Number of protein chains: 2
Amino acid sequence: MAQKNKLQFVILGLLNQQPLTGYDLTKAFDHEIGEFWQAQHSQVYPQLKRLEEQGYITHEITISGEKLEKKLYHITTTGQAILTTWITAGTPELTATKDEFILKLYFIRTSRDPRLPEMLSEQLQLHSEKLQHLQARLTTVFPTKKSQTENFGHYLILQHALGRENYYVTWLQETLAALPHKA
Amino acid sequence: MAQKNKLQFVILGLLNQQPLTGYDLTKAFDHEIGEFWQAQHSQVYPQLKRLEEQGYITHEITISGEKLEKKLYHITTTGQAILTTWITAGTPELTATKDEFILKLYFIRTSRDPRLPEMLSEQLQLHSEKLQHLQARLTTVFPTKKSQTENFGHYLILQHALGRENYYVTWLQETLAALPHKA
DNA sequence: TTAAAACATGTAATGAATGACACGTTTTAA
DNA sequence: TTAAAACGTGTCATTCATTACATGTTTTAA
């Protein structure tokens, strides 16, 4: 089933919170939800068209300034039903990750490979930055207990992503430290 | 750069260990390397053709039984150079994961959502199975210290995947346990 | 002995995703 | 005032990936 077009559900989910334009949705993939899902505007606009054809969303045109037309999309009752069905259905397929660094590691034969230290260090740097970014996000977006309960799912997955990165960084550090020293 | 065709490097990497047929390669994506990379035979055969056209691999035909022709592919010196270049180059892009379950969680608003317990339980079940599978793989494929040093990269990433699943399972358990009880 | 499973190699259709192309408006800051 | 950045909406070409189509051989186990 390819990917079963999950993009449609992300869009429905976001529109279920508030009406948005294609541009707004695209921005969301760079910001809030960007840690967990990504899409370019060249995917968003055609998908909005399809969702509207199916009757899951509608749009109204608003004018910004003199003549800039914005299409503000709303979810329909049908759309909400589709969204609920998707969320409520099971999720029995685990996502297979394709991590290029991990793939490269697979082809390293010995612990004495001279490329290993730099490879691991580079990833340590990258994942440390990501970890710090997530830490900052978590404290910015969810500073209070109240904010955490108000958007519980988002809080959960941010916190989950943080833990995942934390594990990655720890693993890289331990692996680096365990490498044999130069003979 | 889309995906920069990493499949070609996986194939080169596997052929660098030993000559293989397209069928062998496809099987490898179900077994050894399947935890870390996946591809169907419909991707493998065309890719082999392209790699041969580029001069990175060659093939010899062997006959199995009476008349079944097998194409056994070998990596060339050029292919080895390409492979080394890829491994040695930096890997500055972190892979953005698209986990459908995580995506669904994003749209759960409150910790009292009645769907949360089943959703988390289902994932706990799935990730526990995966964890056990990885544990079994690790002890089967790398039973001795010697075997670990002989295929160090593979050992590292299996162990890494194990740790990752272990974190996922722990997180699911903790999250489940922290859910509010029915009022 | 015979049927199923595994071996073996390909192509075609379709869908998902990226990057480039294309155009125009509004706001903001130098 | 004017140029850059951000806003805003779309298409097109290409690549990546899955599923289905297509065909045949060899081995294994009932």
Side-chain angles (χ1 to χ4, degrees), chain A residues 1-11 19-31 33-34 36-54 57 59-73 93-100 103, chain B residues 1-11 19-31 33-34 36-54 57 59-73 93-100 103:
Chain A
M1 61 189 74
Q3 197 82 316
K4 241 208 86 206
N5 194 2
K6 288 159 203 160
L7 177 60
Q8 64 180 317
F9 300 118
V10 194
I11 292 178
L20 296 167
T21 65
Y23 188 82
D24 294 332
L25 285 163
T26 303
K27 262 195 313 176
F29 288 113
D30 294 332
H31 306 326
I33 209 175
F36 313 106
W37 209 265
Q38 308 79 40
Q40 313 296 320
H41 77 278
S42 55
Q43 253 187 300
V44 171
Y45 288 110
Q47 184 64 64
L48 284 169
K49 204 163 133 190
R50 267 174 264 133
L51 284 169
E52 186 156 36
E53 278 162 13
Q54 290 172 296
I57 61 175
H59 79 267
E60 67 179 301
I61 291 178
T62 64
I63 302 291
S64 197
E66 284 296 300
K67 48 178 169 175
L68 183 59
E69 292 195 349
K70 297 205 290 185
K71 292 187 179 176
L72 199 59
Y73 285 92
E93 320 261 314
L94 294 189
T95 316
T97 50
K98 290 187 168 183
D99 181 325
E100 188 173 9
L103 183 60
Chain B
M1 62 188 76
Q3 197 82 316
K4 241 207 89 206
N5 193 3
K6 287 159 203 163
L7 176 62
Q8 64 179 318
F9 300 119
V10 194
I11 292 178
L20 295 167
T21 66
Y23 189 81
D24 294 331
L25 285 163
T26 303
K27 263 194 313 177
F29 287 113
D30 294 332
H31 306 326
I33 208 174
F36 313 106
W37 209 264
Q38 308 81 39
Q40 314 294 322
H41 77 277
S42 55
Q43 253 187 301
V44 171
Y45 289 111
Q47 185 64 64
L48 284 169
K49 205 163 134 191
R50 266 175 264 132
L51 285 169
E52 186 156 37
E53 280 163 11
Q54 290 171 295
I57 60 175
H59 80 268
E60 67 179 303
I61 291 177
T62 64
I63 303 291
S64 196
E66 284 296 300
K67 50 178 168 174
L68 183 60
E69 292 195 350
K70 296 204 291 186
K71 293 187 180 175
L72 198 59
Y73 287 91
E93 319 262 313
L94 294 189
T95 316
T97 50
K98 290 186 167 182
D99 181 326
E100 187 174 9
L103 183 60

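Quick caveat: nothing in here was measured; it's all calculated off a predicted structure.
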Could you run down the sub-3.5 Å N/O contacts of the protein with nucleotides 28-30 of chain C?
none

What N/O pairs connect the protein and nucleotides 24-27 of chain C at under 3.5 Å? Give each pair on its own line.
| unit_1 | atom_1 | unit_2 | atom_2 | d |
| --- | --- | --- | --- | --- |
| dT25(C) | OP1 | Lys67(A) | NZ | 2.9 |
| dT26(C) | OP1 | Ser64(A) | O | 3.0 |
| dT26(C) | OP1 | Glu66(A) | N | 2.7 |
| dT26(C) | OP1 | Lys67(A) | N | 2.7 |
| dT26(C) | OP1 | Leu68(A) | N | 3.2 |

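Contact annotation: side chain of His41(A) to base of dG10(D), donor-acceptor pair present below 3.5 Å. Looking at Ser42(B), its side chain comes within 3.5 Å of the base of dT19(D) through a donor and an acceptor atom.
Summarising the geometry, the separation between NE2 on His59(A) and P on dT9(D) is reported as 10 Å, rounded to the nearest angstrom.
Taking five base pairs at each end of the helix from dT1(C)-dA30(D) to dA30(C)-dT1(D), the local helix axes there meet at an angle of 30°, rounded to 10°.
Contact between the side-chain N/O atoms of Tyr23(A) and the OP1/OP2 oxygens of dC7(D) is found at a separation under 4.0 Å. One finds a side-chain N or O of Lys98(A) lying less than 4.0 angstrom from the OP1 or OP2 phosphate oxygen of dA17(D). When the side-chain nitrogen and oxygen atoms of Gln43(A) are compared with OP1 and OP2 of dA17(C), one or more of them lie within a distance under 4.0 Å.
Checked against dG10(C), dA20(D), dA16(C), the side chain of Lys71(B) finds its nearest nucleotide in dG10(C). Looking at the side chain of Lys70(B), the nearest of the listed nucleotides dT18(C), dT9(C), dT19(D) is dT9(C).
For Phe29(A), the ring-ring contact (aromatic ring centres under 6.0 Å, His included) criterion is met by no residue, not counting sequence neighbours. In this structure, Phe36(A) has no ring-ring contact (aromatic ring centres under 6.0 Å, His included) partners at least two apart in sequence or on a different chain.
The number of heavy-atom neighbours closer than 6.0 Å to CD of Glu60(B), taken from other residues, nucleotides and ligands shown, is above 12.
Proximity of residues 45-53 of chain B to DNA chain D (heavy atom under 4.0 angstrom from any strand atom) is not detected for any residue.
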